Amino acid sequence: MKTASKSDLYRKLPSVDELVRAPEVAALVSQEGQVAVNDAARAVLARLREEIAAGRLDAHGVDIALSGLGAAVERQLRQALGYSLLTVINATGVILHTNLGRAPLSSSALEHIRESAATYSNLEFDITTGERGKRDVHVDRLFRKLLSEELAGGGVRATPVISTIVVNNNAAAVLLALNTLADGGEVIVSRGELVEIGGSFRIPDVMSKSNAILREVGTTNRTRIADYERAINDRTRLLLRVHRSNFEITGFTEQASIEELVGLARKRNVPLLEDLGSGALLDLGSVGVSGEPGVLDSLRSGVDVVTYSGDKLLGGPQAGLLSGRADLVARMRANSLFRALRVDKLTYAALEATLLAYVKRDHDSIPALRMMRLSKEEIGKRADAIAARGQLPRLAIEVIDGESVIGGGSAPSAVLPTRLLAVTGDGLSANEIAVRLRACDPPVVARVEDGRVLLDLRTVFPEQDDAVAQALVQVAG
Ligand SMILES: *Cc1c(COP(=O)(O)O)cnc(C)c1O
């Protein structure tokens, strides 16, 4: 028997016109419109032509493909008209997983976004005077409550005026601060703090984009306050401290303390900026996380301005916050870069609702904080319930001790004790199980360690436990 040439195979394919007139495809036009159906048909035929060109389809293969052409067009159409940004179940145990969208928002944040974004709002409008207002006011009052009033210690001392402005993310906050305070001048930074935070945020690069000149002092492992002092000259505009966030230097190390830096900054009349990264608004000691400097700790020590993210330990939307001395923050606000880096009403709505939860001390309404505060026992009960749902063919499920991490470049060494579902397969590798879990709807993202798939329910919402159990059934099937 003679094998069909590629041109014979191409000739078997219908034209786009013929395909869209086929009854099962034509039926889709009334729902989705002619243009979308034409596009889908074209994409399906193009894919078939590629398969033929690559020699992956013989005459028999083409016949099979042709018999399923209508269904293929429908699948293509659903995919093209569906969302690309999807819900996934985070079973990694990494609470602030940058690739999975960092902090999930609270229900009050979602509700506030919905109600203020679906209609008009007073985003930049003063309702009392009827005149133009500022968008910052919506969160500045709450930050004042959370920062200035706390610093004043219940009104005994005079309230230091701490202002806060909001930009797109912490990278933008650092850029704005450097450009405002040090454009054309020098910024002194320890060589041990010239960090890269995932996704190409590198302190030296941000520094050059801000038009500030980096003045490195000390060494990778040791920098003393005298190193900073020696580097100060008449071009010095700023001292910068960068939180090491995602790594630690151990062994023969030395770092100038914040108190020493504050002392030097005051003595030489140069402002001190601290890039905190995470910026906790809550003392995390209660959940066993230490060494993560809070926004208040930093301001209390006398740092002039701190920068931090909205979607790390704060548990809110993506944003960059600049809090500190009112006169310095006012200069940043007046910088034309601020207009380019500002955030929209959705972010203000989510941030206002999240901050209000802090003001009300309703921390458990913020998902990231609630997850951090979950006990190993609570997580273990849920894991046991899933494991006890009965034997699955080809999968063995155990509940074991393990550790969750905070993630998002926060407290790299802090771990929270947890209980894990450890899954191994009979004839299925750990990687194959992980791939199959991701192919579920919704996809389940897990960790693979030592030949096992590990699922940590700390980062799974309890109402998703059932979907995790069903995903395991599907993987086993
Ligand atoms: C995370 C982090 C950043 C970047 O913050 P984004 O909000 O992701 O832009 C910058 N500096 C430090 C120290 C960080 O930890």
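Side-chain atoms are counted along with the backbone in the values below, which use heavy atoms only and exclude waters and symmetry mates. Both counts, for ligands and for their atoms, begin at 1 and track the order of listing. Values in this document were obtained by computation on a predicted structure and should not be read as measured data.
The contact set between ligand 1 and Phe201, taken as ligand atoms under 4.0 Å from a residue heavy atom, comprises 10 (C), 11 (N). Against a heavy-atom cut-off of under 4.0 Å, Ser309 is close to the following atoms of ligand 1: 5 (O), 6 (P), 7 (O). With ligand atoms numbered from 1 in the order given, ligand 1 contributes 13 (C) to contacts under 4.0 Å with heavy atoms of His243.
A side-chain donor from one of Ser323 and Tyr308 sits under 3.5 Å from a side-chain acceptor of the other.
By the 3.5 Å distance cut-off applied to N or O atoms, Ala171 is counted among the residues near ligand 1. Considering backbone and side-chain atoms together, Asn170 places an N or O closer than 3.5 Å to an N or O of ligand 1. The shortest N or O to N or O distance between Asp275 and ligand 1 is under 3.5 Å. The shortest N or O to N or O distance between Lys312 and ligand 1 is below 3.5 Å.
For Arg241, no heavy-atom contact with ligand 1 is shorter than 4.0 Å.
Comment: Asp401 engages Lys376 in a salt bridge, judged by a side-chain N to carboxylate O separation of less than 4.0 angstrom. By the 4.0 Å N-to-carboxylate-O rule, Asp327 lies close enough to Arg325 to be salt-bridged with it.
Using a non-hydrogen distance threshold of 4.0 Å, Arg102 registers as a contact of ligand 1.
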Next on the checklist: Apply side-chain hydrogen bond (donor to acceptor under 3.5 Å, both in side chains) to residues Ser108 and Glu111 and explain how you reach the verdict.
Outcome noted: CA-CA 5 Å; Ser108 57; Glu111 179 56 24; over 6 Å; no
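Looking at heavy atoms from C-beta onward, Val399 lies in side-chain contact with Leu421 at the 4.5 angstrom threshold. Counting only heavy atoms from C-beta outward, the side chains of Val206 and Ile203 never approach each other to under 4.5 Å.
Sparse packing is recorded around CD of Gln79, with 12 or fewer heavy atoms of other residues, nucleotides or ligands lying under 6.0 Å away.
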